[in-house]
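As structure tokens, the structure follows; a few thoughts come after it.
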Amino acid sequence: MKILIYGAGIVGATYGWQLSKVGHEITVLVRPEKKQEIKEKGIHIHCADFRGGQKEMEEVVFRPDVIDSLSADNNFEYIIVTTNNLHLKEILPVLSKSAGNAHILFFQNMWIDDLDSINKYLSEKQYFFGFPFMVGGGRDASCINSAISGLKQSHTPLGELNGEISDRVQKIAKAFEDANLKPIIYNQIKVWLITHYAVAAGLSAGIMKAKSGRNFASNSDILKEAIRAIREGLEVCQKSGYNPKAEKANRLYSLPFFIAIPIAKKVYSNEALCLMFDGHTQHSPDEMKKMLEDIIMDGEKYGVKVPILKQMKERIFN
């Protein structure tokens with residue numbers, strides 16, 4: 001299967017590499033100034049893989065095909081958009097003109113306004129959604145440092161806007177399954193994405209305040225503050241029409257603290273999650289700031305008080 005990965009970041013490179021290992025033909029779309037270097041040197045990946053129950057380290061030079069522009073007569077079956085959420089509005093005009101007949105899989109953080117933005121450029125027949133829940137990490141000047149989670153609850157969500165189990169979702173799910181990336185097809189993918197955005201914003205703020213994932217997982221006070229922030233964000237989701245209770249993963253954040261904190265400490269102290277948390281908060285602080293701002297703004301729009309989110313944003317970014 002011919003797949004274009006839109007963006008050569010941590011998620012795009014790691015998922016693309018994993019899909020290439022099971023025989024899929026991967027091309028990566030990069031900025032023009034990056035093309036020659038990646039074409040000559042490849043993408044260096046330092047990966048901590050926890051899927052086998054213990055950490056296995058792998059060093060690889062991933063050498064996909066590389067392009068710096070997209071034409072409407074492309075022959076890709078799928079375009080997987082893995083760019084930072086901040087770049088969504090920048091790439092939508094490109095996809096509108098040049099996606100051709102490819103199925104577009106948006107594979108990034110999504111908030112309510114983002115869904116509206118996509119609808120302005122693309123028809124619902126052109127795209128569907130997923131999230132790279134299995135992979136995270138960071139990068140330095142010469143190498144991508146990624147982690148692939150082995151936790152039971154780690155998986156790759158996929159779904160159509162209308163909840164249909166379509167052929168295109170099943171086909172890409174099979175590709176992810178072959179690559180041991182644990183796809184799960186959701187009939188309410190929008191609810192999963194929007195509520196995850198609220199959860200991720202609160203968690204990221206807590207991790208940034210604690211300075212690391214490991215510190216966050218061991219600090220009861222910061223965990224409580226993060227959970228309070230998440231509750232505010234989930235209330236905004238509720239008011240905007242996305243019911244957090246529809247997703248089992250959100251139940252933790254409604255539990256009393258004497259139950260929630262011990263569970264959170266156990267889950268978030270996982271080594272793979274700590275690596276993913278640290279990489280994402282260090283690599284994408286601008287995206288974290290935008291996520292907090294989006295939820296705070298919609299809190300005001302829907303009349304939801306979000307004092308914890310506001311305090312955390314001010315402490316971290318001002």
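Taking the side chain as every heavy atom from C-beta outward, Asp49 and Glu58 never approach each other to under 4.5 Å. Taking 4.5 Å as the limit, every side-chain heavy atom of Phe107 sits out of range of all side-chain heavy atoms of Ile5. You'll find the side chain of His44 stays beyond 4.5 Å of the side chain of Ser142, heavy atoms only. No side-chain heavy atom of Phe76 sits under 4.5 Å from any side-chain heavy atom of Leu29. Side-chain contact between Leu19 and Ile80 is present, with heavy atoms from C-beta onward closer than 4.5 Å. At least one side-chain heavy atom of Ile172 sits less than 4.5 Å from a side-chain heavy atom of Leu158. Within the 4.5 Å cutoff, the side chain of Tyr15 has heavy atoms near those of the Leu181 side chain.
Tyr6 is linked by a ring pair (Phe, Tyr, Trp, His ring centres under 6.0 Å) to nothing, counting only residues two or more places apart in sequence or in another chain. In this structure, Glu235 has no salt bridge (charged side-chain N to carboxylate O under 4.0 Å, His left out) partners at least two apart in sequence or on a different chain. Listed by chain and residue number, Glu225 satisfy the side-chain hydrogen bond (donor to acceptor under 3.5 Å, both in side chains) test with Lys209 (two or more places apart in sequence, or in another chain). Judged as a side-chain hydrogen bond (donor to acceptor under 3.5 Å, both in side chains), and not counting sequence neighbours, the contacts of Thr14 are Ser146. Residues that satisfy the side-chain hydrogen bond (donor to acceptor under 3.5 Å, both in side chains) test with Tyr253, not counting sequence neighbours, are Tyr268. The side-chain hydrogen bond (donor to acceptor under 3.5 Å, both in side chains) check on Ser220 picks up Lys265, with sequence neighbours excluded. Here Thr195 pairs with Val191, Leu234, Cys237, Pro244, Glu247, Asn250 under the side-chain contact (heavy atoms from CB on, under 4.5 Å) rule; sequence neighbours left out.
Between the side chains of Tyr197 and Asp294, at least one donor-acceptor pair of N or O atoms lies under 3.5 Å.
A pairwise comparison of heavy atoms in Gln108 and Pro132 identifies N-CD, 4.4 Å as the closest pair.
Linking Ile, Leu, Val, Met, Phe, Trp and Tyr residues whenever their side-chain heavy atoms come within less than 4.5 Å places Ile263 and Leu151 in a single cluster. Transitive grouping of hydrophobic side chains (ILVMFWY, heavy atoms separated by less than 4.5 Å) keeps Val28 and Ile67 in distinct clusters.
More than 12 heavy atoms of other residues, nucleotides or ligands sit less than 6.0 Å from atom CG of Asn243. Atom CD of Gln54 sits in a sparse spot, with 12 or fewer heavy atoms from other residues, nucleotides or ligands closer than 6.0 Å. Residue-environment remark: NZ (Lys39) stays at or below the threshold of 12 foreign heavy atoms within 6.0 Å.
Once rounded to the nearest 0.5 Å, the distance linking CG of Leu193 with CG of Leu115 reads 7.5 Å. Here Phe131 contributes atom CZ and Thr82 contributes atom OG1; the two are 11.5 Å apart, rounded to the nearest 0.5 Å. One finds the CH2 atom of Trp192 at 10.0 Å from the CD1 atom of Ile184 (value rounded to the nearest 0.5 Å). Taken from OG in Ser284 to CD1 in Ile10, the straight-line distance is 6.0 Å, to the nearest 0.5 Å. With rounding to the nearest 0.5 Å, the separation of OG in Ser254 from CD1 in Ile227 is 10.0 Å.
Sequence neighbours left out, the pairs with a member in residues 17-33 that pass side-chain hydrogen bond (donor to acceptor under 3.5 Å, both in side chains) are Lys2-Glu25, Gln18-Arg51, Arg31-Glu90. Residue pairs satisfying the salt bridge (Lys or Arg N to Asp or Glu O under 4.0 Å) criterion with at least one member in residues 269-283, sequence neighbours excluded, are listed as follows: Lys55-Glu271. Residue pairs meeting the salt bridge (Lys or Arg N to Asp or Glu O under 4.0 Å) criterion with at least one partner in residues 169-186, sequence neighbours excluded, are Glu77-Lys171, Lys174-Asp178. Counting only residues at least two apart or on different chains, the salt bridge (Lys or Arg N to Asp or Glu O under 4.0 Å) pairs with a member in residues 298-311 are Glu300-Lys310.
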Considering only distance and modelled atom types, tabulate donor-acceptor pairs under 3.5 Å from the side chains of residues 210-217, sequence neighbours left out.
| from | atom 1 | to | atom 2 | distance (Å) |
| --- | --- | --- | --- | --- |
| Ser212 | OG | Asn215 | N | 3.0 |
| Ser212 | OG | Asn215 | ND2 | 3.3 |
| Asn215 | ND2 | Ala210 | O | 3.2 |

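Using a distance-only test at 3.5 Å, with no hydrogens or angles considered, no donor-acceptor pair links the side chain of Arg228 to the main chain of Leu223.
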Open item on the list: Using side chain to side chain donor-acceptor pair (under 3.5 Å), reason through Glu124 and Asn162 one step at a time and then give a plain yes or no.
Closed with: CA-CA 9 Å; Glu124 290 187 6; Asn162 62 7; 5.9 Å; no
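Using bins of under 30°, 30° to 60° and over 60° for the plane-to-plane angle, the ring pair His196/Phe133 lands in the perpendicular bin.
Taking the charged nitrogens against the carboxylate oxygens, Lys290 and Asp286 have no contact shorter than 4.0 Å, which rules out a salt bridge.
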